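Computed from a predicted structure; not experimentally measured.
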Amino acid sequence: DKKVLEMMIRKSSTDPFGAATRKKIDQLYSCLRYCENEFLCRRTMQLEFFGETFDRAHCNKTCDNCRNGKLAEKSDMSDLGRTILQLLSDIQSQKNRGGFTLVALTMLLKGSKAQTYTKFLDTSRLRGYGAKRS
């Protein structure tokens, strides 16, 4: 689990929020992005890490991602982005103090009626509330 690994890195450091620790955590997340990527050619990613360029066409399906042939879907997410920012702004204006989480924002975007997320909020005045109901 990423958070467990990040916590282990912080606990093993003499300065849990220093530059050296931040670099280790950045390296952890770079490794995770490499492992979780299902679209980019592995050889391309490896060589780019070392400052080299590699054309995916030359991979000849020698890596798992090229063999699987998945391609990332391209779509314009501008409208959704604006909706999320409107919802975020409306939540912030209603919650004068205290924070909220990304999970809470997501659940409100999906239209959750759970008290955990809607307590102290007038959902009728939240632009974007329920915009991504599944």
Side-chain angles (χ1 to χ4, degrees):
D1 184 50
K2 328 175 210 210
K3 290 296 177 188
V4 171
L5 293 171
E6 184 175 334
M7 181 187 67
M8 290 170 62
I9 291 170
R10 287 195 191 282
K11 280 188 173 183
S12 68
S13 174
T14 55
D15 184 5
F17 297 97
T21 302
R22 181 77 248 153
K23 183 177 180 182
K24 288 177 185 177
I25 291 170
D26 288 345
Q27 289 171 334
L28 166 68
Y29 281 95
S30 291
C31 181
L32 289 169
R33 280 191 300 276
Y34 173 84
C35 294
E36 293 174 349
N37 189 303
E38 297 178 349
F39 303 103
L40 298 177
C41 173
R42 301 266 189 218
R43 291 178 73 186
T44 302
M45 288 189 286
Q46 291 169 354
L47 290 169
E48 283 178 357
F49 179 81
F50 293 107
E52 297 180 34
T53 57
F54 181 79
D55 183 359
R56 180 182 185 149
H58 294 113
C59 179
N60 296 319
K61 297 186 180 185
T62 57
C63 77
D64 60 332
N65 288 348
C66 289
R67 266 194 308 276
N68 292 334
K70 287 185 181 179
L71 296 175
E73 180 182 320
K74 294 182 182 182
S75 59
D76 184 356
M77 303 300 288
S78 301
D79 289 338
L80 178 59
R82 278 189 283 279
T83 300
I84 292 169
L85 290 174
Q86 285 176 336
L87 178 60
L88 181 62
S89 175
D90 289 351
I91 293 169
Q92 287 176 324
S93 67
Q94 287 189 36
K95 282 193 140 189
N96 295 328
R97 58 187 165 82
F100 54 96
T101 65
L102 181 58
V103 171
L105 180 65
T106 302
M107 296 308 291
L108 291 169
L109 188 67
K110 291 180 176 183
S112 174
K113 293 179 180 5
Q115 280 286 308
T116 307
Y117 308 114
T118 60
K119 193 173 186 178
F120 308 117
L121 292 173
D122 177 1
T123 57
S124 67
R125 293 182 44 230
L126 293 177
R127 294 171 293 167
Y129 173 73
K132 292 298 286 180
R133 293 182 204 273
S134 20

Decide whether Asn60 and Thr62 meet the rule of one side-chain donor and one side-chain acceptor closer than 3.5 Å.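 There is no such pair between these side chains.
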With distance as the sole criterion, is a donor-acceptor pair present between the side chains of Ser30 and Arg33 under 3.5 Å?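 A pair is found: one side chain offers a donor N or O, the other an acceptor, under 3.5 Å apart.
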Linked, directly or transitively: [X] and [Y] (ILVMFWY side chains, under 4.5 Å):
X: Phe100; Y: Phe120; value: no
X: Phe54; Y: Leu71; value: no
X: Val103; Y: Leu105; value: yes
X: Met107; Y: Leu80; value: yes
X: Tyr29; Y: Ile9; value: yes

How is the hydrophobic cluster of Phe50 composed, in terms of its other members, when Ile, Leu, Val, Met, Phe, Trp and Tyr link through side-chain heavy atoms under 4.5 Å apart, directly or indirectly?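 So far as hydrophobic clustering goes, Phe50 is joined with Phe49.
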For Leu85, is there any backbone N or O sitting under 3.5 Å from a side-chain donor or acceptor partner on Arg127?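 A pair under 3.5 Å: no.
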Leu40 backbone acceptor or donor facing Asn65 side chain under 3.5 Å: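 Looks like yes, one N/O pair under 3.5 Å.
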Below 4.0 angstrom, N of the basic side chain to O of the carboxylate: do Arg82 and Asp79 qualify?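 Result for this pair is yes, salt bridge flagged.
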Determine, step by step, whether Leu121 and Asp90 satisfy the side chain to side chain contact (heavy atoms under 4.5 Å, CB included) criterion, reporting the C-alpha distance in whole Å, the side-chain angles of both residues, the deciding distance to 0.1 Å, and the verdict. CA-CA 9 Å; Leu121 292 173; Asp90 289 351; over 6 Å; no
Considering all heavy atoms, the nearest [X]-[Y] contact:
X: Thr118; Y: Lys113; value: OG1-O, 3.5 Å
X: Thr101; Y: Ala104; value: OG1-N, 3.0 Å
X: Arg56; Y: Lys70; value: NH2-O, 4.1 Å
X: Leu126; Y: Ile91; value: CD2-N, 3.8 Å
X: Gly128; Y: Thr83; value: CA-CG2, 3.6 Å
X: Asp122; Y: Gln94; value: N-OE1, 2.6 Å

Does the side chain of Asp64 come within less than 4.5 Å of Arg42's, by heavy atoms?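 Counting from C-beta outward, Arg42 and Asp64 do come under 4.5 Å.
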Looking at side-chain heavy atoms only, is the closest gap between Ser124 and Tyr129 below 4.5 Å?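 Ser124 vs Tyr129: side chains apart.
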Reported [atom1]-to-[atom2] distance for the pair [X] and [Y], which is rounded to 0.5 angstrom:
X: Met8; Y: Arg10; atom1: CE; atom2: CZ; result: 14.0 Å
X: Arg43; Y: Cys63; atom1: CZ; atom2: SG; result: 8.0 Å
X: Leu108; Y: Leu87; atom1: CG; atom2: CG; result: 6.0 Å
X: Lys61; Y: Cys41; atom1: NZ; atom2: SG; result: 12.0 Å
X: Asp26; Y: Cys31; atom1: CG; atom2: SG; result: 13.0 Å
X: Glu6; Y: Thr21; atom1: CD; atom2: OG1; result: 10.5 Å

Should the heavy atoms of other residues, nucleotides or ligands under 6.0 Å from CE of Met7 be counted, would the total exceed 12?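 Yes, the 6.0 Å shell around CE holds more than 12 heavy atoms from other groups.
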Do Arg22 and Phe17 form a cation-pi contact, if we require the NZ or CZ to be under 6.0 Å from the six-membered ring centre and within 45 degrees of the ring's axis?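 No, Arg22 and Phe17 do not form such a contact.
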